[in-house]
Amino acid sequence: YAGANSVSAPIEMDFYGGYKTEVEGVALDGGLLQYYYSTRGMPGTTKLSTADNGCFKAGYRNACGVNPNTTEAYLSATYQFATLKYSYALTDLFGIYDSKGASYIDLALNYDTGFEGITLNGHIGKQMISTKTDGVDYSYTDWKIGLTKDLGKGLNVAVAYIGTNAKKAAYYVGTKNSGQGTGFISLTKTF
C-alpha cells in the first residue's frame, strides 16, 4: 500500500541454524530462519489500526505497517541433483498482515550436463498465503529455468528466466506489476 503507513526496510539480515545429516544417500536438513529488517525510521514497527487513514484495504498485502521481520521453520531433502524443501511461517510473512502459517514448497534441480562445466538449473515453487482478515488468497506459483557455467577459481556465470503467476492485484506497486517474468545474467565469485 503506497500511503503514509508504508514501511520501508532497506536492510535485510538473515540468521539461521539447523541440523544436516545423510541417510542412505539422501541429505536431510532442518532448521529455523530469521529474516530481520531495519525499517527506516520505524524499528520494531507493529500493526496499525485498521481504521488508521484507511490503510487497511483488501488486495494490498503489505497494508497497515505490519512488521516485516519473519521467522520460518524448514525441512529439506536432497537426492543427487534434486532438492525438495518445505518452509512454514511461524510469524506473519514479510509484512503481510494475518499471514502466520503461510507455507512454501519448492523443487530445485541442478543437473551437471558434463559439458564444459555447464549445469542446468530448474525450480518450481508454490507459496501458499491466505488471510482471514480480508479473505484474499495471495498464493502463487513461481518457476525458473537457467544455465550456470563454472569458470574456475570460484567464478560462475549464470543466465536464467524467472516467472510467476502472481495476481497483479496482489503484487501491484505503483505502476509496475512486480510479478512479471524476467531474465537475468549474473557473475558470482566464491571466496
Side-chain angles (χ1 to χ4, degrees), residues 1-3 5-21 26-40 42-79 82-109 122-144 162-173 177-180:
Y1 175 63
N5 297 309
S6 295
V7 176
S8 176
I11 299 174
E12 174 182 320
M13 293 176 279
D14 302 340
F15 305 96
Y16 57 92
Y19 179 75
K20 286 185 179 182
T21 189
V26 178
L28 302 172
D29 183 11
L32 291 173
L33 290 165
Q34 172 66 52
Y35 301 92
Y36 177 79
Y37 295 91
S38 168
T39 53
R40 183 174 33 193
M42 296 185 194
T45 300
T46 57
K47 191 171 184 177
L48 300 175
S49 164
T50 59
D52 188 29
N53 295 325
C55 75
F56 187 84
K57 292 183 179 181
Y60 289 92
R61 69 183 196 133
N62 293 89
C64 298
V66 174
N67 190 319
N69 297 340
T70 301
T71 304
E72 285 186 322
Y74 72 90
L75 290 171
S76 73
T78 302
Y79 180 71
T83 300
L84 183 64
K85 183 177 181 182
Y86 177 77
S87 301
Y88 182 84
L90 302 171
T91 62
D92 280 334
L93 186 71
F94 302 115
I96 302 172
Y97 54 89
D98 191 29
S99 60
K100 182 177 176 181
S103 60
Y104 185 73
I105 187 164
D106 70 287
L107 176 65
L109 307 172
H123 159 85
I124 187 162
K126 175 71 175 177
Q127 178 72 69
M128 293 156 280
I129 309 169
S130 294
T131 69
K132 298 181 186 100
T133 306
D134 64 5
V136 176
D137 183 358
Y138 297 104
S139 302
Y140 63 90
T141 300
D142 65 279
W143 54 85
K144 170 186 158 185
I162 300 170
T164 178
N165 69 349
K167 298 176 187 77
K168 188 172 183 178
Y171 296 92
Y172 196 79
V173 180
N177 177 5
S178 59
Q180 292 176 336

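One-based numbering along the sequence shown.
Expressed to the nearest 0.5 Å, how far OG1 of Thr71 lies from CG of Asp92 amounts to 10.5 Å. To the nearest 0.5 Å, the span separating NZ on Lys100 from CG on Leu90 amounts to 7.5 Å. Between the CD atom in Gln127 and the CG atom in Asp142 there is a gap of 8.0 Å [rounded to 0.5 Å]. Considering CG of Leu84 and CG of Leu109, their distance stands at 10.0 Å, rounded to 0.5 Å.
Between His123 and Tyr104, the two ring planes are parallel [angle under 30°; tilted spans 30° to 60°].
Proximity of a side-chain donor or acceptor of Asp29 to a complementary backbone N or O of Ser76 within less than 3.5 Å is not detected. Within the 3.5 Å criterion, the main-chain N or O of Leu32 finds no donor-acceptor partner in the side chain of Glu72. The backbone N or O of Tyr88 lies less than 3.5 Å from no partner atom in the side chain of Ser103, so there is not a single donor-acceptor pair.
Listed here is the closest heavy atom pair of Gly125 and Asp106: CA-CB, 3.8 Å. Considering all non-hydrogen atoms of both residues, Thr141 and Asn165 come closest at N-OD1, 2.7 Å. Smallest separation of non-hydrogen atoms from Thr70 and Gln34: O-NE2, 3.3 Å. Here the closest heavy-atom approach between residue Leu93 and residue Ser99 is recorded as N-OG, 2.7 Å. For the residue pair Thr83 and Thr78, the shortest heavy atom distance occurs at OG1-OG1, 2.9 Å. Of all heavy-atom pairs spanning Ser87 and Tyr74, the tightest one is OG-CB, 3.8 Å.
A heavy-atom distance below 4.5 Å is found between the side chains of Glu12 and Tyr35. Inter-residue side-chain proximity for Phe94 and Pro68 is flagged as unmet; no heavy-atom pair is nearer than 4.5 Å.
At least one cation-pi condition fails for Lys126 and Tyr140: the charged atom is not both under 6.0 angstrom from the six-membered ring centre and inside a 45 degree cone around its axis.
Surrounding OH of Tyr79 are at most 12 heavy atoms belonging to other residues, nucleotides or ligands under 6.0 Å away.
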